[in-house]
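Structure record follows, encoded as structure tokens.
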Amino acid sequence: MANAFALIMAGGFSAELSVLTETRAEAAVPFGGKFRIIDFPLSNCVNSGIFNVAVLTQYKPRSLNDHIGIGKPWDLDRAQGGVRLLQPYQGGPYGDWQKGTADAVRRNLDFVMQQDEEHVLILAGDHVYLMDYQPMLREHVQSGADLTVAVRRVNPHETHRFGIVTLGADDRIVAFREKPRRARETLASMGIYVFRKDLLIETLQAHNNYLDFGKDVVPAMIEQGKLVRAYAFPGYWADIGNVQAYWEANMSLLAEEPALNLYEPDWVVHTRSEDRAPAKIGAVAQVGGSLISNGCWVEGTVERSILSPGVRVAEGAIIRDSVVLADTIVEAGAIIDRCVVDKRVVVGAGARVGDGDDNTANQEMPEVLNTGLTMVGEHSIIPEGMVIGRNVVIHPESREKAYGKRKKIPSGADIGVSLR
């Protein structure tokens with residue numbers, strides 16, 4: 001095995017994830033019923049034989065910190081190595097809060113210097129994928145590369161979301177463009193980098209203006225003539241950077257043979273699991289094409305949906321094409337259609353959320369929320385009998401008074417106050 005330790009960049013948030021990142025870091029967003037996004041890079045590390053891992057945090061880290069704890073679910077509660085949470089701080093030679101991924105590592109170079117390993121594996125904390133890092137590490141070492149970047153093909157219409165690379169001979173990267181408006185190439189960086197540790201330290205110490213790996217460090221190393229190579233990853237990989245990508249990645253798990261196989265016994269995705277009773281499906285319940293997590297109690301209808309632990313669906317209620325997070329209560333006769341509902345929401349009896357055929361884009365984020373998805377923030381209450389259209393955002397902690405005297409919320413509306 002290659003001699004490497006891992007740094008997971010888990011300090012950011014995505015405004016395009018709407019209510020999901022108003023109360024937590026992007027890496028802490030629940031996914032696939034019982035998991036959180038951070039579970040995937042952590043599990044990939046331990047399944048790849050990497051047991052020295054640091055997680056760099058910044059934005060609203062409490063739920064992320066609580067979830068990781070001392071790392072026991074991933075066998076990272078170790079005296080040597082294990083998992084460390086590197087919290088943001090002010091002061092020292094770099095001044096205010098960290099301003100990007102490279103800047104975050106720069107502020108923790110003292111930790112980097114203390115590690116015995118010769119190579120540094122840098123990972124994003126907001127991607128969903130299953131990957132053995134050892135082949136990439138071996139190729140990096142054998143090629144003598146200064147930096148190796150994991151890449152994969154993406155949809156030509158989504159190149160603006162990624163760093164796009166151009167390859168020369170022998171998989172050498174000869175150009176790197178961060179989130180270009182237009183691009184002929186479709187080979188995208190996965191935000192997975194392997195550096196020689198000494199070169200990473202030297203680069204970040206010498207260039208305080210390098211704030212981000214994709215925007216600054218990688219293009220600069222290419223221009224300086226460093227050996228920057230690509231490692232092609234053929235498997236499933238999803239950048240959960242907006243609400244549509246989040247919903248689609250969850251829904252893809254419902255396929256008969258999903259591209260992301262969470263049932264692979266040789267590559268288990270570990271997580272912090274709460275002790276809950278088994279899922280209970282009532283005598284008159286109808287459940288089809290769905291994932292139902294532990295602790296759920298379903299007496300109504302669930303179609304093509306994902307329920308996180310502890311969701312309760314009363315008799316006569318219908319959940320369709322939706323992602324419903326932990327401990328949400330859906331009362332009798334309520335309908336949830338094509339929605340993402342965060343934790344501990346109460347949907348009152350007879351309410352309809354995601355109603356009608358009007359797909360008017362959301363007034364606050366029209367470029368992001370325009371496909372009919374309605375977002376409901378955690379700890380919110382949908383009043384009894386309320387009708388809520390499509391592309392609506394209901395911010396966390398929204399209670400009855402947030403709706404005023406209205407009994408119907410039109411498509412594209414924004415309810416409550418953002419907690420960001």
Side-chain angles (χ1 to χ4, degrees), residues 17-24 28-37 63 240 242-251 253-254 279 287 290-293 295-314 317-356 362 369 371-400 402-403 409 411 413-416 418-419:
L17 276 171
S18 184
V19 300
L20 295 172
T21 51
E22 286 189 29
T23 57
R24 59 173 76 86
V29 170
F31 178 83
K34 65 177 290 186
F35 304 103
R36 293 185 185 245
I37 296 175
S63 62
I240 311 295
N242 60 52
V243 293
Q244 186 67 24
Y246 176 81
W247 181 81
E248 289 177 358
N250 274 281
M251 291 297 105
L253 299 175
L254 303 179
V287 178
S290 300
L291 293 181
I292 310 298
S293 301
C296 289
W297 189 341
V298 179
E299 297 180 290
T301 299
V302 181
E303 300 175 353
R304 301 179 303 277
S305 296
I306 295 178
L307 306 189
S308 289
V311 173
R312 294 203 167 201
V313 184
I318 300 173
I319 299 176
R320 184 186 303 118
D321 297 318
S322 296
V323 179
V324 182
L325 302 187
D327 298 311
T328 285
I329 297 173
V330 185
E331 295 182 346
I335 299 175
I336 296 175
D337 185 88
R338 197 175 167 84
C339 297
V340 176
V341 181
D342 209 333
K343 299 169 66 174
R344 299 184 183 89
V345 169
V346 176
V347 181
R352 302 203 303 271
V353 188
D355 183 72
N362 182 261
L369 206 53
T371 64
L373 280 176
T374 284
M375 309 292 297
V376 183
E378 68 173 322
H379 293 287
S380 292
I381 295 176
I382 310 296
E384 182 177 334
M386 180 64 68
V387 178
I388 296 173
R390 301 197 180 275
N391 298 319
V392 174
V393 171
I394 299 173
H395 293 283
E397 309 286 351
S398 293
R399 307 303 169 114
E400 288 89 340
Y403 305 88
I409 304 300
S411 295
D414 225 60
I415 301 297
S418 174
L419 301 182

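Residues L20 and M375 meet the side-chain proximity criterion, which asks for heavy atoms closer than 4.5 Å. By the 4.5 Å heavy-atom criterion applied to side chains, I335 and V353 are not counted as neighbours. Between Y403 and M386 the shortest side-chain heavy-atom distance falls below 4.5 Å. Contact annotation: the side chain of R390 approaches that of R338 to within less than 4.5 Å [non-hydrogen atoms, C-beta and beyond]. Put simply, the side chain of I394 reaches to within 4.5 Å of the side chain of I388, judged on heavy atoms. Side-chain atoms of V387 and I409, non-hydrogen and from C-beta on, never get closer than 4.5 Å to each other. Considering only heavy atoms from C-beta on, V243 comes within 4.5 Å of L369 through its side chain. Side-chain contact check for N242 versus L17: every heavy-atom pair is 4.5 Å or farther apart.
Residues V19 and V393 approach most closely at CG1-CG1, 3.6 Å, considering heavy atoms. Residue L419 comes nearest to P396 through the heavy atom pair CD1-CB, 3.5 Å, listed as atom of the first residue, atom of the second, then distance. Counting all heavy atoms, side chain and backbone alike, E378 lies closest to V345 at CA-CG2, 4.1 Å. Across every non-hydrogen atom of S380 and E397, the tightest pair is OG-N, 3.5 Å. Residues T374 and G389 come closest through the heavy atom pair OG1-O, 2.8 Å. S293 and A279 make their closest contact through O-CB, 3.5 Å (heavy atoms, listed as atom of the first residue, atom of the second, distance).
With R399 contributing its side chain and P383 its backbone, the two residues share no donor-acceptor pair below 3.5 Å. Looking at N362, its side chain never comes within 3.5 Å of a backbone N or O of V392 through a donor-acceptor pair.
Salt-bridge annotation for R352 and D337: absent, with no side-chain N of the basic residue lying under 4.0 Å from a carboxylate O of the acidic one. For the pair R24 and D342, the salt-bridge criterion is met [side-chain N within less than 4.0 Å of a carboxylate O].
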N/O donor to acceptor pairs below 3.5 angstrom from side-chain atoms of residues 296-304, sequence neighbours left out:
| from | atom 1 | to | atom 2 | distance (Å) |
| --- | --- | --- | --- | --- |
| E303 | OE1 | R320 | NE | 3.4 |
| R304 | NE | D321 | OD1 | 2.7 |
| R304 | NH2 | D321 | OD2 | 3.2 |

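By the side-chain hydrogen bond (donor to acceptor under 3.5 Å, both in side chains) test, K34 is found to be paired with S273, residues two or more places apart in sequence or in another chain being considered. Residues that satisfy the ring-ring contact (aromatic ring centres under 6.0 Å, His included) test with Y246, not counting sequence neighbours, are absent from this structure.
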**Request:** In sequence, state the C-alpha distance, the side-chain angles, and the governing distance for V313 and L307, and then conclude on side chain to side chain contact (heavy atoms under 4.5 Å, CB included).
**Result:** CA-CA 10 Å; V313 184; L307 306 189; 4.2 Å; yes
**Steps toward side chain to side chain contact (heavy atoms under 4.5 Å, CB included) verdict (I292, V287)** = CA-CA 9 Å; I292 310 298; V287 178; 4.0 Å; yes
**Asked** Stepwise, does the side chain to side chain contact (heavy atoms under 4.5 Å, CB included) test hold for V346 with E331?
**Response** CA-CA 8 Å; V346 176; E331 295 182 346; 3.8 Å; yes
**Message:** Working note: T371 + Q244, criterion side chain to side chain contact (heavy atoms under 4.5 Å, CB included); need CA distance, chi angles, decisive distance, verdict.
**Reply:** CA-CA 8 Å; T371 64; Q244 186 67 24; 2.5 Å; yes
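I240 CD1 to I37 CD1: the interatomic distance, rounded to the nearest 0.5 Å, is 5.5 Å. Interatomic distance, S398 OG to I381 CD1, rounded to the nearest 0.5 Å: 10.0 Å. Here CG of D414 is found 11.0 Å from CG of N391. Values are rounded to the nearest 0.5 Å.
Counting heavy atoms of neighbouring residues, nucleotides and ligands inside a 6.0 Å radius, atom CZ of R312 does not exceed 12 of them.
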